[in-house]
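These notes concern the structure reproduced below.
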Amino acid sequence: MKTFTYERAKSAAAAAKAAASNPNAKFIAGGTNLLDLMKLQIETPTHLIDVNGLGLDKIELTNQGGLRVGALVRNTDLAADRTVRRDYGLLSRAILAGASGQLRNKATTAGNLLQRTRCPYFYDTNQPCNKRQPGSGCSAIGGATRSLAVIGTSDACIATYPSDMAIAMRALDADVETVNESGHTRSIPIADFHRLPGDTPHIETVLEPGELITAVTLPPPIGGKQIYRKVRDRASYAFALISIGAVIQPDGTGRVAVGGVAHKPWRVEKAEAELPKGARATTNILMADAHPTEQNRFKVDLVERTLGAVITEARG
Ligand SMILES: Cc1cc2nc3c(=O)[nH]c(=O)nc-3n(C[C@H](O)[C@H](O)[C@H](O)COP(=O)(O)OP(=O)(O)OC[C@H]3O[C@@H](n4cnc5c(N)ncnc54)[C@H](O)[C@@H]3O)c2cc1C
Ligand code: SF4
């Protein structure tokens with residue numbers, strides 16, 4: 001690990017200011033992703049700004065009847081929260097499908113949203129990777145692609161985005177709240193928060209340099225059967241090959257977001273009009289622009305079959 005300096009931020013605005021003034025600074029929350037990347041020298045910040053003491057660890061009802069989840073709320077606490085379990089069951093289930101109990105005890109809401117890809121070549125510093133080193137090339141294209149993306153890919157990167165929690169947040173239409181170095185706040189719909197790779201796969205979100213996530217807001221509860229189904233190579237402690245986060249209403253209408261297939265949580269609202277007709281009709285639109293490789297073509301079928309199982313479960 002490279003040497004670095006460390007400070008404990010005293011306020012959210014001060015943290016954003018410190019980060020914006022130093023291009024080699026990073027925020028650290030639970031550290032469960034960042035420290036691993038630093039040990040492998042994939043990330044080499046020279047300064048860490050610890051945001052754990054900012055008091056951003058509360059879960060509160062909003063005046064609009066929704067829920068505001070502080071950026072530093074631990075994944076364990078969010079999944080176990082009574083209101084979340086009752087009104088946003090999809091979120092609770094998605095979080096519990098990820099990582100392990102120990103990791104969830106440390107991992108935070110903001111850190112989870114910003115976790116980086118699990119593309120094996122991203123972790124292998126002997127191999128070119130446009131995300132790790134812009135312009136160096138993509139080792140995955142023409143390589144082992146079984147776990148990688150099938151839709152929204154580019155000639156520069158075919159990595160997937162790994163968070164389970166974010167798939168639920170996408171289906172629930174969450175907003176990400178931030179503050180920048182001038183103290184200016186903004187609310188970013190999660191649909192617009194993560195980027196597709198294009199020719200700049202190292203830029204993964206629309207956050208500006210130094211911009212700090214302060215909270216995630218959920219709109220008022222939408223009811224329905226809320227199901228998260230994750231398909232993976234091992235029964236636990238593995239990232240998704242694909243996952244489905246769905247809210248299905250009694251009349252068969254609903255919402256569906258897909259994980260493990262793209263560089264961001266994948267949701268196509270117009271596909272949801274097909275949900276009452278079933279999984280095939282929905283998947284045909286949801287995955288219409290898929291460009292799988294020979295090795296990961298199975299993911300498109302897996303989305304359809306898993307969605308079919310989810311719809312069957314929702315119908316009881
Ligand atoms: C072995 C293992 C298995 C895992 N399995 C899964 C899994 O199955 N599913 C899954 O979804 N996840 C999984 N994870 C990932 C885990 O969920 C993430 O590591 C965790 O959520 C990151 O949160 P953190 O608070 O520790 O982030 P950190 O590591 O502290 O930070 C991550 C990134 O977020 C930035 N950051 C943190 N807080 C803020 C903020 N407030 N504003 C702006 N930027 C911020 C940091 O600068 C850093 O770039 C796994 C991790 C490990 C190590
Ligand atoms: S798919 Fe993306 S992360 Fe993986 S090697 Fe290519 S550029 Fe790097």
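One-based numbering, in listed order, for ligands and for the atoms of each. Since we're looking at a predicted model, the values are computed, not measured.
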Self-check item: Check: K230 N/O within less than 3.5 Å of ligand 1 N/O
Solution: yes

Quiz item: Among V176, L114, I95, I28, whose heavy atom sits nearest atom 35 (C) of ligand 1?
Solution: L114

Exercise. Quick one: look up the protein heavy atom nearest atom 47 (O) of ligand 1 and list residue, atom name and how far away it is.
Key: F27 O, 2.5 Å

Quiz item: Please state which protein non-hydrogen atom is closest to atom 38 (N) of ligand 1 and give its distance, to 0.1 Å?
Solution: A29 CB, 3.6 Å

Quiz item: Hey, does P120 sit under 4.0 Å from ligand 2 if you only count heavy atoms?
Solution: no

Exercise. Examine the proximity of ligand 2 to P197 and report which part, side chain or backbone, both or neither, has a heavy atom under 4.0 Å away.
Key: neither

Quiz item: Counting each atom of ligand 1 from 1 as listed, which ones have a heavy atom of L34 under 4.0 Å away?
Solution: 29 (O)

Self-check item: C129 near atom 8 (Fe) of ligand 2: N/O/S under 2.8 Å
Solution: yes

Quiz item: Just distances here: any N/O of A110 and N/O of ligand 1 closer than 3.5 Å?
Solution: no

Practice problem: Between V179, D36, L113, flag the one that comes closest to atom 53 (C) of ligand 1 by a heavy atom. | Solution: D36

Quiz item: For atom 4 (Fe) of ligand 2, does an N/O/S atom of C157 lie at less than 2.8 Å?
Solution: no

Self-check item: Distance, nearest 0.5 Å, that separates OG1 of T32 from CD of Q102
Solution: 12.0 Å

